[in-house]
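Reading through the structure tokens given below for one structure.
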Amino acid sequence: MTALLPTDRRNQYLFPAALASLLFIGSLRIALDNLKNNYHNHEYFGPQSGGYRVVKRPPIRVSDDEIIDNGCNVFEGKWVWDNESHPLYTEESCPLLVKQVTCQKNGRPDSSYQNWKWQPDGCNLPRFNALKLLEILRDKRLMFVGDSVQRSMFDSMVCLVQSVIPEGKKSLQKVPPRKIFRAEDYNASIEFYWAPFLVESISDHATNHTVMKRLVRLDSISNHSKQWEGVDMLVFESYVWWMYKPVINATYGNLDNIQEYNVTTAYKVAMETWANWIETSINSHTQKVFFMTMSPTHLWNWEWMKGDGGNCFSESQPIQKPYWGTGSNLDIMGIVKDVLGRMQVNVRLINITQLSEYRKDGHTSVYGERKGKLLTREQKSDPKNYADCIHWCLPGVPDTWNEILYAVLLQDYRKF
Ligand SMILES: *[C@@H]1O[C@H](CO)[C@@H](O)[C@H](O)[C@H]1NC(C)=O
Ligand SMILES: *[C@@H]1O[C@H](CO)[C@@H](O)[C@H](O)[C@H]1NC(C)=O
Ligand SMILES: *[C@@H]1O[C@H](CO)[C@@H](O)[C@H](O)[C@H]1NC(C)=O
Ligand SMILES: *[C@@H]1O[C@H](CO)[C@@H](O)[C@H](O)[C@H]1NC(C)=O
Ligand SMILES: *[C@@H]1O[C@H](CO)[C@@H](O)[C@H](O)[C@H]1NC(C)=O
Ligand SMILES: *[C@@H]1O[C@H](CO)[C@@H](O)[C@H](O)[C@H]1NC(C)=O
Ligand SMILES: *[C@@H]1O[C@H](CO)[C@@H](O)[C@H](O)[C@H]1NC(C)=O
């Protein structure tokens, strides 16, 4: 199954060794959060038990200007400076944020990465309204499934809504591989489920798993999917864990028959396994399914300037010209398009790759964590080796992904 790549393509697979340790941090975090949770959960967010009150409320009103014009492609547009409307929350106003993403607190000198608004060419995104979103989520579960990038979308969504919920009426629980945020008065939950390959793998343990060593079970998904059953809104994502080497160890059928697969081949087979579960288990009338395209990385600054071997470190402005980095693999994109295109169940694509490509300024860089700890002074002074150009600061780019998801949910809500 192994095939050599033409040399000019190899780059896109050869994410630096740093990638492995970054992914590791991402997963270790859950372990750390989990320990912390024992102390903080109740202290900060009040008991999550208590009687559930049935409250009849008038349905929310969705005005015409909150609806996206028919035919407007919200993924085409530009970033505009708007320090009045953005950020939608702050590091201080969201105590739930983990240290890995609070770049200001971690010493980042510039903050303008928080002030950009995504402006589609043909229409406006509705202004995010937490109360409306909670109403849409009433008696429902919204679940984000994927890796640590997807977890930041979950973290962002929680921050976007949590400030309108009074103390004692919200809770954050860690039940590996899930994190669950509950809004009690709405009987609503926003959840994250750790499944970096979507299908089963040896990296599925949320708190203790191998990173350098990968083994994916391309035809097995049921250990995960049984926990996805009946969820009202599912948002899937899987990319960066695949992109470590041009080939990946995997099994298909017999678990003893481990082979190296071309990553694109393996990804396609895994997507088909996933699609098959969706087709046989999702009820389109009661459930919604979304798929996020790949979150771009900014590992090599020669891609957007006359580079000096650097990366996203010290970038403070979005890219202002047409741009697509080699980290966002077009073969993988093609597979996503192809697999979703052939499905009967309506899976909606949230194609955030292009808009996020412009945001070389949005990554945690040296203002995040490595192995569960903030970088030391020495590590910070060595961005070539220590900058994280995969994960994003919050508030930041993942908030925009949620603004788009919100726009779609709002639109759906009005239709019914
Ligand atoms: C917002 O941005 C404008 C233009 O850059 C600047 O003049 C102004 O001081 C900023 N306002 C705040 C509150 O940062
Ligand atoms: C609360 O929400 C769950 C789904 O998360 C739903 O199954 C249940 O029926 C809801 N409870 C009430 C009283 O509506
Ligand atoms: C799936 O679950 C079964 C039963 O709990 C377990 O034996 C198996 O190892 C799991 N598969 C993976 C890939 O974790
Ligand atoms: C993590 O997993 C490894 C191998 O499965 C095991 O040897 C080790 O004890 C585990 N560590 C923890 C903290 O559970
Ligand atoms: C696949 O597994 C074999 C045996 O453990 C190992 O030698 C090889 O490096 C692995 N391949 C990849 C791409 O990780
Ligand atoms: C392996 O992947 C490369 C790059 O995506 C692709 O061009 C090639 O056709 C694949 N080879 C096989 C055998 O699938
Ligand atoms: C996502 O958008 C990009 C352009 O922005 C396009 O090239 C790509 O094909 C789209 N992906 C899918 C799966 O449709």
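In this chain, numbering begins with 1 at the start of the sequence shown. Since the model is a prediction, treat every value here as computed from it, not as a measurement. Order of listing sets the numbers, starting from 1, for every ligand and every atom in it.
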Contacts table for residues 69-76: side-chain donor-acceptor under 3.5 angstrom, sequence neighbours left out:
{"residue": "Asn73", "atom": "OD1", "partner": "Phe75", "partner atom": "N", "Å": "2.8"}
{"residue": "Asn73", "atom": "ND2", "partner": "Glu76", "partner atom": "OE2", "Å": "3.4"}

Axial cation check for Tyr244 ring with Arg214, 6.0 Å and 45° limits: yes
With under 30° as parallel and over 60° as perpendicular, where do the rings of Tyr193 and His224 fit, or are they tilted in between? perpendicular
Tell me, please, which residues at least two apart from Thr280 pass side chain to side chain contact (heavy atoms under 4.5 Å, CB included). Asn276
Which ligand 1 atoms, with their elements, are less than 4.0 angstrom from a heavy-atom of Asn83? 1 (C), 2 (O), 3 (C), 8 (C), 10 (C), 11 (N), 12 (C), 14 (O)
Can you tell me which residue pairs pass the salt bridge (charged side-chain N to carboxylate O under 4.0 Å, His left out) test with a partner in residues 83-95, sequence neighbours excluded? none
When you check the gap from the basic side-chain N to the acidic O, do Asp382 and Lys380 get nearer than 4.0 Å? no
Under 4.0 Å to a heavy atom of Asn249 - the qualifying atoms of ligand 5, by number: 1 (C), 2 (O), 3 (C), 8 (C), 10 (C), 11 (N), 12 (C), 14 (O)
How would you list, by chain and number, the residues with a heavy atom under 4.0 angstrom from ligand 7? Met333, Lys337, Leu349, Asn351, Gln354
Is Arg359 positioned over the aromatic face of Trp79, cation under 6.0 angstrom from the ring centre and no more than 45 degrees off axis? yes
If we set the cut-off at 4.0 Å for heavy atoms, which region of Arg214 has an atom near ligand 5: side chain, backbone, both, or neither? neither
